[in-house]
Amino acid sequence: MTVLVFLDPAFPAGRIVDAGTPAILATDQGVTRGDGIFESLLAVNGEPRKVGAHLARLAESADTMDLVIPGEDAWLAAMTTAVQTFVAAEAPAEDEFANTNVVLKLIVTRGPEGANKPTAWVQAAALSPALAEQRANGLDVILLDRGYDSTVSRRAPWLLLGAKTLSYAVNMAALRHAQKQGADDVIFTSGDGKVLEGPTSSVLLAHITDDDGAPVKRLITPNLDSGILPGTTQGALFAAAKEAGWELGYGPVEPADLLDADAVWLISSLRLLAPVKSIDGTEIGTPGVRARLTAELGALLATAL
Ligand code: PLP
C-alpha cells in the first residue's frame, strides 16, 4: 500500500490523501516539466534514518532550483503521520513498529503554472525485497558514459547536477539499458573518464593492502564536486569508518581504480551497501573478501544511521 500525506498549513500534522484518487493538478510543473526535487529515506521501527542529512540535502536542492519549500517541522510532522498511517494499515499488531522498514519519499514540485505555490508531500510505501537480495547476492554492473565532463557542474550550475531533482528519467533509462544487457546496475563515468555515481547510488571502493602488499584499511569515493549527488549514506559511513580507523579518500577515481580495488559497492539509503561482483564482466576482488568487508562496513553503517 502507499500512504500520501500532503504538507498543508491548514493541517499541522499533514493532510492524508487516498493514493488511489488524483491529488495533483495536471498543470503542476512537476508533471509538465519534471520540475521539482525529492529525497528517499528509510524509516526503521518508526524512526526515519539520517533525517537531518536528508532534510539538509532537500534544502540544498531547493536552493539550487530557487524553490521555496516548507520548513523542517512541517516535514517531520508529515513523516510521522505517514509512518504511523502506513504501519497501522500494514502491521496493526501490538508491537506495531517492530521490524518495519518503511520507504519515505519527500517530494516538492514547483506547483501549477503561475500559482507560485510549490506542492509538497510525503509518500510512505514498503521496501522492495529486491534491495535485500542485492545486498546478499551482489551486483553485476556496467560502466556508462554520462556525457558530461567532471567539471561541468562548476561551469554550468543550471544543469542541477548535484541536486536531487525529479528528472530521473535519464537515470531510469540507464538502468533499463543495463538490464537489457544482462547487468543489474550502472556506474556512470564522465566525458573525461572519471567515475561518478550510480543512477540511484554512490560508489565506494576499498583497499585492504597497499601497492607493496602491506595491510591498509582505505575507503575511497569520487570527489563530491564532480557533478554527483553527495550521498547521505556515504557521509554516514565515512564518519563511522573514520572512528573505526579507516583512512578515507575522495577521488578522482578512474575505471582502472575500480578494477584494482579489493571491493566496490553501490550504496544508498534504501539498499545500504550492495557489493559489486563484476564491472563490464571483470570480477572485482574475491567473493570471500567482498563478503567479509560488506559485513564489516555494514555493521559500521548500522551504528551510524
Ligand atoms: N546518487 C544518486 C544519483 C542517487 O539517486 C542516490 C540516492 O538515491 C545516491 C547517490 C545515494 O544517496 P543517499 O545515500 O543519500 O541515499
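Just so you know, ligand 1 is whichever comes first in the structure, and atom 1 is the first atom listed for that ligand.
- Here Lys50 has no heavy atoms under 4.0 Å from ligand 1, in either its backbone or its side chain.
- Remark: Tyr168 pairs with Lys164 by the side chain to side chain donor-acceptor pair (under 3.5 Å) rule, at least two apart or across chains.
- For the pair Arg33 and Asp28, the salt-bridge criterion is not met [side-chain N within less than 4.0 Å of a carboxylate O].
- For the residue pair Asp145/Thr189, the side-chain donor-acceptor check at 3.5 Å is not satisfied.
- Residues satisfying the ring pair (Phe, Tyr, Trp, His ring centres under 6.0 Å) criterion with Tyr148, sequence neighbours excluded, are absent altogether.
- With a 4.0 Å heavy-atom cut-off, ligand 1 is reached by the backbone of Pro199 but not by any atom from C-beta on.
- Ranking protein heavy atoms by distance to atom 12 (O) of ligand 1, first place goes to Arg57 NH1, 3.5 Å.
- Comparing Glu197, Gln234, Lys164 by heavy-atom distance to atom 1 (N) of ligand 1, the nearest is Glu197.
- Taking the charged nitrogens against the carboxylate oxygens, Lys50 and Glu39 have no contact shorter than 4.0 Å, which rules out a salt bridge.
- At a 4.0 Å heavy-atom cut-off, ligand 1 touches Ser201 through the backbone alone.
- Of the protein's non-hydrogen atoms, Thr233 OG1, 2.5 Å is the one closest to atom 14 (O) of ligand 1.
- Distance from atom 15 (O) of ligand 1 to its nearest protein heavy atom, with residue and atom name: Thr232 OG1, 2.6 Å.
- Among Thr200, Leu42, Asn171, Leu266, the residue whose heavy atom lies nearest to atom 4 (C) of ligand 1 is Thr200.
- Within the 4.0 Å heavy-atom shell around ligand 1 one finds Gly198.
- At distances below 3.5 Å, at least one donor-acceptor pair connects side-chain atoms of Thr81 with backbone N or O atoms of Ala77.
- Salt bridge present: Lys217 and Glu296 bring a charged side-chain N and a carboxylate O closer than 4.0 Å.
- With ligand atoms numbered from 1 in the order given, ligand 1 contributes 11 (C), 14 (O), 16 (O) to contacts under 4.0 Å with heavy atoms of Ser268.
- Considering backbone and side-chain atoms alike, His54 places every N or O at 3.5 Å or more from each N or O of ligand 1.
- For the pair Leu293 and Trp265, the minimum side-chain heavy-atom distance is below 4.5 Å.
- Here the heavy atom of the protein found nearest to atom 5 (O) of ligand 1 is Tyr168 OH, 2.5 Å.
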In sequence, state the C-alpha distance, the side-chain angles, and the governing distance for Leu127 and Leu270, and then conclude on side chain to side chain contact (heavy atoms under 4.5 Å, CB included).
-> CA-CA 8 Å; Leu127 183 66; Leu270 303 187; 4.3 Å; yes

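- Looking at Ser202 next to ligand 1, no N or O pair under 3.5 Å apart turns up.
- The single protein non-hydrogen atom nearest to atom 16 (O) of ligand 1 is Ser269 OG, 2.7 Å, given as residue, atom name and distance.
- Those atoms of ligand 1 that come under 4.0 Å of a heavy atom in Gly231, given as number and element, are 12 (O), 14 (O), 15 (O).
- Here the side chains of His54 and Ser269 are in contact, with some heavy-atom distance below 4.5 Å.
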